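Following: one structure in structure tokens, then a few remarks.
Each residue takes its place number in the sequence, starting with 1. Predicted model only: the values in this text are computed from it and were never measured. Hydrogens, waters and symmetry mates play no part in the numbers below; they use all other heavy atoms, side chains included.
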Amino acid sequence: MIKRIFAYVVLLLSVSCGGLDRSNPESVAEAFLDAYYGQDLGRAMELATERTNEELRMVVDAWAYEGITAEAARQSAAPFLLEIHGTRLDGDTAYCDYTIRSDRDDANAMPEMLRLVRKNNVWEADF
């Protein structure tokens, strides 16, 4: 009975996260960065720590103050190319190196790093 309940919970979590492997920091980093740079902050918040969610809520509040809906923000997001260069693990912390380019020829793209933390065997973006 316990095994069946556990399997059901795991299934629900995987479906609610769109099949994302939350036990893989690089998968979480890629999904978070896609959502963040695509202005889908609701989705980004699902993949982030509470501390990061506080920062993202401030952005959403600023949009609301300016009369910008979440849908309008997503539609106005500039196209981007996300390149993940690798992830380093240090216990319950992971560091994902990436670049964001506006197009393939963007020579000015600077390498960036996203920190992730593992909580209850689930990775969350933390900045």
Side-chain angles (χ1 to χ4, degrees):
M1 181 68 174
I2 300 255
K3 288 181 183 178
R4 188 175 287 184
I5 291 172
F6 179 73
Y8 182 69
V9 169
V10 168
L11 176 64
L12 279 178
L13 287 174
S14 68
V15 169
S16 68
C17 294
L20 175 65
D21 181 5
R22 297 288 303 266
S23 67
N24 180 326
E26 193 163 304
S27 294
V28 173
E30 183 173 7
F32 173 82
L33 293 167
D34 274 336
Y36 180 75
Y37 286 102
Q39 299 298 305
D40 186 354
L41 298 190
R43 175 67 175 141
M45 291 171 77
E46 294 172 6
L47 302 168
T49 63
E50 185 56 38
R51 184 174 73 123
T52 299
N53 280 337
E54 290 173 13
E55 300 286 330
L56 296 175
R57 275 189 215 98
M58 286 192 288
V59 173
V60 172
D61 290 346
W63 286 348
Y65 181 78
E66 295 292 326
I68 300 170
T69 65
E71 183 61 29
R74 277 193 299 276
Q75 290 178 357
S76 68
F80 64 90
L81 176 65
L82 170 65
E83 295 179 42
I84 302 283
H85 301 290
T87 303
R88 301 177 312 280
L89 294 175
D90 183 13
D92 285 338
T93 304
Y95 302 93
C96 181
D97 298 312
Y98 69 97
T99 53
I100 292 289
R101 299 178 190 280
S102 58
D103 60 50
R104 293 191 186 274
D105 297 325
D106 187 356
N108 297 321
M110 298 293 293
E112 300 188 47
M113 190 255 322
L114 174 66
R115 185 171 85 114
L116 299 103
V117 294
R118 181 171 35 198
K119 182 178 178 184
N120 299 323
N121 292 320
V122 172
W123 289 98
E124 298 177 331
D126 184 60
F127 64 78

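A salt bridge links R101 with E83: at least one charged nitrogen is closer than 4.0 Å to a carboxylate oxygen. Checked for salt-bridge contact, R51 and E54 miss the test: no charged N lies under 4.0 Å from a carboxylate O.
I84 and Y95 fall into different hydrophobic clusters, where Ile, Leu, Val, Met, Phe, Trp and Tyr residues are linked whenever their side-chain heavy atoms come under 4.5 Å apart, directly or through other members. Clustering ILVMFWY residues whenever any of their side-chain heavy atoms sit less than 4.5 angstrom apart, transitively, puts M113 in a cluster other than the one holding L33. V117 and V122 fall into different hydrophobic clusters, defined by Ile, Leu, Val, Met, Phe, Trp and Tyr side-chain heavy atoms under 4.5 Å apart, directly or through other members.
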Go through W63 and L41 one step at a time and tell me if the side chain to side chain contact (heavy atoms under 4.5 Å, CB included) criterion holds. CA-CA 11 Å; W63 286 348; L41 298 190; 3.5 Å; yes
Evaluate the criterion side chain to side chain contact (heavy atoms under 4.5 Å, CB included) for residue pair E124 and R22; output intermediate values, then yes/no. CA-CA 8 Å; E124 298 177 331; R22 297 288 303 266; 3.7 Å; yes
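Note that CD of E112 is 9.5 Å distant from NE2 of H85, once rounded to the nearest 0.5 Å. One finds the CE atom of M45 at 10.0 Å from the OG1 atom of T52 (value rounded to the nearest 0.5 Å). Of the inter-residue distances, the one linking E71 atom CD with D40 atom CG reads 9.0 Å to the nearest 0.5 angstrom. For the atom pair CD1 (I100) and CG (L81), the distance works out to 8.0 Å, reported to the nearest 0.5 Å. One distance of note links CD of E55 with CG of D126; it measures 10.0 Å at 0.5 Å rounding. With rounding to the nearest 0.5 Å, the separation of CG in L89 from CD in E26 is 9.5 Å.
Residues C96 and L116 come closest through the heavy atom pair CB-CD1, 4.1 Å. Contact between G91 and R118 at its shortest, heavy atoms only, is O-NH2, 3.0 Å. Nearest heavy atom pair, residue A73 against residue S76, reads O-OG, 3.0 Å. For the pair L20 and A31, the tightest heavy-atom approach, listed with the atom from each and the gap, is CD2-CB, 3.9 Å. Minimum interatomic distance between A35 and A44 (heavy atoms only, all atoms of both residues): CB-N, 3.7 Å.
Proximity of P111 to D97: side-chain heavy atoms (C-beta onward) are nowhere separated by under 4.5 Å. With contacts defined as side-chain heavy-atom distances shorter than 4.5 Å, the pair W123/D21 does not qualify. Considering only heavy atoms from C-beta on, L82 stays 4.5 Å or farther from Y37 through its side chain.
Close placement of the Y36 and F127 rings is indicated, their centers lying within 6.0 Å of each other.
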